[in-house]
Amino acid sequence: QHKDAIEALHLIRLVGEDSMLPVAMLLCSQLPVSDLLRGTKRSDGTSERLEVEDVERLMCARGRLAGMDIPPFLRDSEPLPYGAWCKTPAGRCTQEWLKMKAHYVERYLLSPGWRGNPFRLQVNGLVWPKGRPCDDCMRCLGDCLERHHKIVWSKLPEIFEISIKGWNE
């Protein structure tokens, strides 16, 4: 957890470095609701508390982030990210994808504390229950995940309802 996220948010505002606000807000959004409402303790024992407007903004953003934390290739309605370059015997990569998707849903999406961070999932962190797709399909997976992360990153100011000049430039 990011216990210093609230303090970081305050420091960013204090120095006027608005370009870092979305990142600080993302870190704050990962804190337990109790910390958002009551604040956190600094190393010197004093409290860091959020403004009411920030708590409201973060609570709304948590819902938006939870809706973005599943990359498109893990949604049932999306095709698996592989194609003509796959050299494995017919169906092998498809079977590995389907096993991994089932494992991901069961192990992570249904567990408390996992949802809400669209950057948490990384290719090297995926668990393949039996085997794994071929190297070409794994590269494709990495590309798909990177595209997903870039889309979410570009939307962070919108997610947190803040305006950051030049964010997507």
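Values below: every heavy atom of this structure, side chains too, minus hydrogens, waters and symmetry copies.
Annotation for Met20: atom CE does not count as buried by contact number, only 12 or fewer foreign heavy atoms lying within 6.0 Å.
Remark: side-chain polar atoms of Trp167 are paired, donor with acceptor, to backbone N or O of Trp153 under 3.5 angstrom. Between the side chain of Arg49 and the backbone N or O of Arg38 there is at least one donor-acceptor pair closer than 3.5 Å. In this structure a side-chain-to-backbone donor-acceptor pair under 3.5 Å is present from Arg57 to Phe160.
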Apply side-chain contact (heavy atoms from CB on, under 4.5 Å) to the pair Met68 and Lys155, showing each step before the final yes or no. CA-CA 10 Å; Met68 301 178 95; Lys155 293 181 178 183; 3.6 Å; yes
Take Met25 and Glu161 through the test side-chain contact (heavy atoms from CB on, under 4.5 Å) and record every step on the way to the result.
CA-CA 10 Å; Met25 297 292 272; Glu161 300 175 336; over 6 Å; no
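Connectivity analysis of hydrophobic side chains (ILVMFWY, heavy atoms under 4.5 Å, direct or indirect) links Leu11 to Leu14.
Between Pro22 and Ile164 the shortest side-chain heavy-atom distance falls below 4.5 Å. Side-chain contact between Asp18 and Leu21: present, with at least one pair of heavy atoms (C-beta onward) separated by less than 4.5 Å.
For the atom pair His148 NE2 and Cys144 SG, the distance stands at 11.0 Å (nearest 0.5 Å). Note that the SG atom of Cys60 and the CZ atom of Arg62 stand 11.5 Å from one another [nearest 0.5 Å]. Taking CG of Asp136 as the start and SG of Cys93 as the end, the distance is 8.5 Å to the nearest 0.5 Å. Remark: Ser29 OG to Met59 CE distance equals 10.5 Å, nearest 0.5 Å. One distance of note links NZ of Lys41 with CG of Asp4; it measures 14.5 Å at 0.5 Å rounding. Interatomic distance, CD of Glu158 versus OG of Ser163, reported as 11.5 Å (0.5 Å rounding).
With respect to Arg13 and Asp54, a salt bridge is recorded, a charged nitrogen being found less than 4.0 Å from a carboxylate O. The pair Lys150-Glu146 counts as a salt bridge, with a side-chain nitrogen and a carboxylate oxygen less than 4.0 angstrom apart.
Follow the hydrophobic side-chain contacts under 4.5 Å out from Val33 and you reach Ile6 in the same cluster. Hydrophobic clustering (ILVMFWY, side-chain heavy atoms < 4.5 Å, transitive): Leu37 and Leu31 are in one cluster.
Leu58 pairs with exactly one of Leu65, Leu26, Leu36 by the side-chain contact (heavy atoms from CB on, under 4.5 Å) rule, that one being Leu36.
When only modelled atom types and interatomic distance are considered, Thr46 and Glu48 share no side-chain donor-acceptor pair under 3.5 Å.
Every ring-ring contact (aromatic ring centres under 6.0 Å, His included) that His149 has, sequence neighbours left out, goes to Phe119.
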